[in-house]
Asks: 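Below you will find the structure I want to go over with you.
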2 protein chains.
Amino acid sequence: MDGDNETQKRIASSDGCSSCSFRNSGLCAVVIGINPGTNHCRKIDGAFRARQHVYRAGEAPGRIMVLREGWAAKSAFTPDGKRQVLSILLPGDTVGGELVMRSEARTHVQALTPIKYCAFDIDELMASSKHEPKFVWALVGLCSTSREASESRLVDLGRRNAAQRIVSFILEVFERLTKRGLADGATIPFPLRQHIIADALGLTQVHVSRIITALRKRGAIRLTGGKLTILDMGLLLSDV
Amino acid sequence: MDGDNETQKRIASSDGCSSCSFRNSGLCAVVIGINPGTNHCRKIDGAFRARQHVYRAGEAPGRIMVLREGWAAKSAFTPDGKRQVLSILLPGDTVGGELVMRSEARTHVQALTPIKYCAFDIDELMASSKHEPKFVWALVGLCSTSREASESRLVDLGRRNAAQRIVSFILEVFERLTKRGLADGATIPFPLRQHIIADALGLTQVHVSRIITALRKRGAIRLTGGKLTILDMGLLLSDV
DNA sequence: CGGTTGGTTGATATTATTCAATGGTCGTGG
DNA sequence: CCACGACCATTGAATAATATCAACCAACCG
């Protein structure tokens, strides 16, 4: 589908955590809490270029990652090659939480922009934390959050039309970025191609184009140069 | 939407577990393992009639249940009242696992047939098991399984047509029942109304009717009297 | 400069919905 | 036993939503 060659550069920086804005949230907070001291838990920093695969279905990456910068998409493919994007991964998101339960990935994760991540070795993590209820609860939290996200996407795909899906998709991304402090008022970074949005929402790129054009003409949003601004929330919600 | 009156009968049978076919699987096995002895963990047996709500979004049922008999559906509703069935619950399934993370339900669970269940009080369960890694891992397992199910449904809704969705839905149910020993060869109980199937797959009841009719005419399945038989797996898969 | 990627637009085709009518099944009460 | 109502399934015709096909444009990059 796209010939990338898995050449992520790995930087052996033993602790970028102190400067990381996600050190106090999600998985990182728990891991750092459980393995205190300077060298909480061995990890590897790394990066991928836009469009590279982080891992593919069937692979066993053996590590769980936290996105530090950039966006990625987790997707599944039908036997006849159609793609369904299961979730959009934003900075601060955990990638590969599923690998704790089954070492072999069933989904593909692909970088949508250049990304930087930090990775924990699953075996080590399990060895040191398997019996730590705090750690396991963190996994429950991660899984539960992403299940809720899948379920609300399910409602979108099953029972809402194209315009409603796109609006609720935009709002979801908007809120997630805002919570992480990555929004600038009503403006968020929005590097997604229409094709990805289409594959996330069960639509075609052409149809996504039409609807986004309509939203723009209506004056509900501005979307240029990888930035999206919500100009009028009322108008945006007018057909949801 | 439907005037039911929550009149579940509660039978104070302190231990139906010894005769329960699900005592060695899923949540029950873990709870029994953690709280050994005759009275492993206080629980309540109960029943609902077909169509009754087990709980509604916004309620805090305060207990987690295991379905012993009968089928149920977990659904969400859009603001304009459309229903999306998130999952079909079969005998042996855990109902309300989500309530461990947030006490207030965000989904509705409704009995599709008369059901019997057995319920654990969440507070008690948490008090005795919160720090038991085995218990928490069981939650990870439950959540993870249902997330995978949501995700594969997501692929159906996003990227497959009506016929493909219906076939894969039938096969999913077939496999789940078979795993639990509730199938009789190629025949399974199938008490689902077309309207429920439609709401699970993002279709209309009318369209479900057409497609099932087509599957019957083609000789792929037999479906009468609440029983479904797969007559020809090849034919069934011919448009998937 | 030419190739590639991403986006827009129009014409047309397909898929699924909506509306509407009809018949079957099942339980309940006379 | 039959009549009744509630629920469920089937079918046809008309319509709406979305996909497909195809052309074109703009931006970007080596």
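Within every chain, numbering begins at 1; the chains are lettered A, B, ... in the order of the sequence lines, protein sequences first and strands thereafter. Below, all heavy atoms of this structure are taken into account, side chains as well, without hydrogens, waters or symmetry copies. The structure displayed is predicted, hence computed values, not measured ones.
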Asks: Would you check if the side chain of Arg180(A) reaches a backbone N or O of Pro91(A) as a donor-acceptor pair within less than 3.5 Å?
Replies: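 Checking the backbone N and O of Pro91(A) against the side chain of Arg180(A), a donor-acceptor pair under 3.5 Å is found.
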Asks: In whole angstrom, give the distance that lies between atom CG of Leu203(B) and atom P of dT18(C).
Replies: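 Atom CG in Leu203(B) sits about 11 Å away from atom P in dT18(C).
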Asks: Rounding to a whole Å, what distance do you find between His207(B):NE2 and dC19(C):C1'?
Replies: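 Spelled out: NE2 on His207(B) to C1' on dC19(C) is 16 Å.
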Asks: Can you confirm whether the side chains of Arg160(A) and Ser168(A) place a donor and an acceptor under 3.5 Å from each other?
Replies: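 There is no such pair between these side chains.
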Asks: Base, sugar-phosphate, or nothing: which does Gly202(A) touch, judged by heavy atoms less than 4.0 Å apart?
Replies: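 Sugar-phosphate contact only.
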Asks: As a test of understanding, state which of Thr224(B), Thr229(B), Leu223(B) forms a side chain to side chain contact (heavy atoms under 4.5 Å, CB included) with Phe190(B).
Replies: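 Looking at Thr224(B), Thr229(B), Leu223(B), the match for Phe190(B) under the side chain to side chain contact (heavy atoms under 4.5 Å, CB included) is Leu223(B).
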Asks: Hey, is the main chain of Arg49(A) close enough, under 3.5 Å, to the side chain of Gln52(A) for a donor-acceptor pair?
Replies: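 Checking the backbone N and O of Arg49(A) against the side chain of Gln52(A), a donor-acceptor pair under 3.5 Å is found.
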Asks: Can you check nucleotides 22-26 of chain C for protein contacts, nitrogen or oxygen pairs under 3.5 Å, and list what you find?
Replies:
none

Asks: Classify the side-chain pair Ser238(B)/Arg218(B) by whether it contains a donor and acceptor separated by less than 3.5 Å.
Replies: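 Arg218(B) and Ser238(B) do have a side-chain donor-acceptor pair below 3.5 Å.
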Asks: Could you measure the distance from the OG atom of Ser21(B) to the CZ atom of Arg68(B)? Nearest 0.5 Å is fine.
Replies: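 With rounding to 0.5 Å, OG (Ser21(B)) is 8.0 Å from CZ (Arg68(B)).
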Asks: Distances under 3.5 Å between protein N/O atoms and the N/O atoms of nucleotides 4-10 of chain C, please, pair by pair.
Replies:
from    : atom 1 : to        : atom 2 : distance (Å)
dG6(C)  : O3'    : Arg193(A) : NH1    : 3.3
dG7(C)  : OP1    : Arg193(A) : NH1    : 3.3
dG7(C)  : OP2    : Gln194(A) : N      : 3.0
dT8(C)  : OP1    : Arg216(A) : NH2    : 2.5
dT8(C)  : OP2    : Gln194(A) : NE2    : 2.5
dT8(C)  : OP2    : Ser209(A) : OG     : 3.1
dG10(C) : N7     : Arg210(A) : NH1    : 3.4
dG10(C) : O6     : Arg210(A) : NH2    : 3.3

Asks: May I have the step-by-step check of side chain to side chain contact (heavy atoms under 4.5 Å, CB included) for Val95(A) and Tyr55(A), ending in yes or no?
Replies: CA-CA 10 Å; Val95(A) 186; Tyr55(A) 57 78; 4.1 Å; yes
